[in-house]
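The analysis underlying the following values was restricted to heavy atoms, covering all of them including side chains, and did not include hydrogens, waters or symmetry mates.
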Amino acid sequence: MINVSIIVPAIRTNKWLRFYESIEKSCKKYTWELILISPFELPDTLKDKNNIKLIKDFGHPTRCLQLGIFEASGDLIYHTTDDAIMFENAMDEAIDFYYENCGYKDVINMKYREGKNYSGDSMPNDYWWAWFHGPLQLPGIPRNYKISLHHMLKTNYLIQLGGYNCQYHHANFSLHDLMFRVQYDGGRIFDSPKDITTCDHYIDKTVDHGAIFDSHNNHDLPLFQKIYSNNNALTQENTCIDINNWANEESVWLYRFSKGIPEKYEGLI
């Protein structure tokens, strides 16, 4: 078994080579594989890499994320984004910390920076607490819960939990939902010793972000608020969900592909 599977719903083929090369610099001590779930083929620059798996799918990002679990052979799973650039040795230090401090149900919050053209600074420590964010100040979310949008945890535990709730299209709320189920189940979230990545950021509907913006506001946010406005949103019965819930979702995500599926990423811009 390899140490970590990095699973990424991915469309930005123009960024994949730099992403891959940054992983090589960030994770030198441990074995890893990169699992990309995408409507697009690997660019020629990556076709000779023996630790990349490509899953072709045209569904929404959470469905894609869920499909990545089934191909993961790592002891750990790490979810991140395809516009990320990893800092040198940062993954190694986070994995060291995991094996030294974490139990079976625990999670490392793989801290990231985010900003236009990679201009983001480190997030304040409060950022990683759920109630720091207005949309998460809901009766069904305990005030002492943390969040982790880029997370690393045991693959077997993620499978036991049923993975991600694919009712949510964009990964954002499905990631919150997973972390709340982890904590309800007794798991702890530890912040990584350092920032792991710096990420680009497209606001509103700029570049390729229109589908994310629309699905977030029109579908995911209302659904999340409806569920977590209930004081009893988290129960022992719904901590573990059906791992095949991805199959209930549309195979072609119409928020992104209502006008057809382009052959290349540039067709989405």
Side-chain angles (χ1 to χ4, degrees), residues 7 9 61-62 65-66 69 76-81 94-95 97-98 100-114 120 122-197 199 212 215-217 219-243 245:
I7 58 173
T62 301
L65 194 55
Q66 188 80 341
I69 298 174
L76 303 173
I77 274 186
Y78 168 26
H79 159 258
T80 187
T81 58
I95 298 170
F97 184 91
Y98 180 90
E100 291 167 4
N101 296 280
C102 293
Y104 178 71
K105 294 182 178 182
D106 295 336
V107 175
I108 299 293
N109 169 37
M110 304 288 270
K111 296 189 299 185
Y112 64 90
R113 305 173 191 174
E114 185 177 52
S122 296
M123 303 294 188
N125 289 335
D126 287 349
Y127 184 88
W128 308 113
W129 294 90
W131 272 62
F132 179 81
H133 306 272
L136 302 184
Q137 295 173 9
L138 296 170
I141 302 172
R143 288 175 177 263
N144 65 334
Y145 272 20
K146 298 192 72 172
I147 63 170
S148 177
L149 295 168
H150 299 190
H151 56 256
M152 185 171 68
L153 74 165
K154 279 281 189 185
T155 301
N156 286 344
Y157 183 50
L158 181 59
I159 292 171
Q160 179 183 326
L161 291 171
Y164 307 94
N165 186 341
C166 294
Q167 292 182 88
Y168 303 108
H169 289 192
H170 177 33
N172 184 64
F173 284 116
S174 66
L175 301 173
H176 290 326
D177 176 80
L178 173 65
M179 290 301 106
F180 299 155
R181 288 187 284 125
V182 164
Q183 289 166 99
Y184 186 84
D185 196 42
R188 300 169 296 174
I189 299 179
F190 294 92
D191 293 337
S192 58
K194 297 178 180 177
D195 292 340
I196 307 299
T197 59
C199 302
I212 299 297
S215 64
H216 173 95
N217 288 295
H219 181 273
D220 291 357
L221 179 58
L223 174 63
F224 184 84
Q225 290 177 325
K226 178 181 178 182
I227 292 174
Y228 279 95
S229 290
N230 182 346
N231 284 307
N232 299 312
L234 293 164
T235 67
Q236 197 61 50
E237 288 71 29
N238 65 21
T239 298
C240 298
I241 62 176
D242 179 9
I243 199 166
N245 74 91

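- One finds the CG atom of D185 at 11.0 Å from the CD atom of Q183 (value rounded to the nearest 0.5 Å).
- Looking at D106 and Y98, their side chains never bring a donor and an acceptor atom within 3.5 Å of each other.
- Relative ring orientation between Y112 and H150 is described as parallel, the plane-to-plane angle staying below 30° on a 0-90° scale split at 30° and 60°.
- In this structure, the side chains of W128 and I189 stay at 4.5 Å or more apart for every pair of heavy atoms.
- Annotation for F132 and P124: closest pair CZ-CG, 4.4 Å, computed over non-hydrogen atoms.
- Atom OG1 of T62 and atom NE2 of H170 lie 8.0 Å apart (nearest 0.5 Å).
- Under a cut-off of 6.0 angstrom, the local environment of CG in N125 is sparse, with at most 12 non-hydrogen atoms contributed by other residues, nucleotides or ligands.
- Note: D220 CG to I212 CD1 = 8.5 Å, rounded to the nearest 0.5 Å.
- Considering V107, I108, I77 as possible partners of M152, the one that fulfils the side chain to side chain contact (heavy atoms under 4.5 Å, CB included) test is I108.
- Minimum heavy-atom separation, I147 to Y127: CD1-O, 3.5 Å.
- One distance of note links NE2 of H176 with CG of N165; it measures 13.5 Å at 0.5 Å rounding.
- Under the 6.0 Å cut-off for aromatic ring centres, H219 and Y168 do not qualify, their centroids lying 6.0 Å or more apart.
- Between L178 and H151 there is a side-chain heavy-atom pair separated by less than 4.5 Å.
- In this pair, F173 and H216 present their aromatic rings parallel. The plane angle is below 30°, not in the 30 to 60° band.
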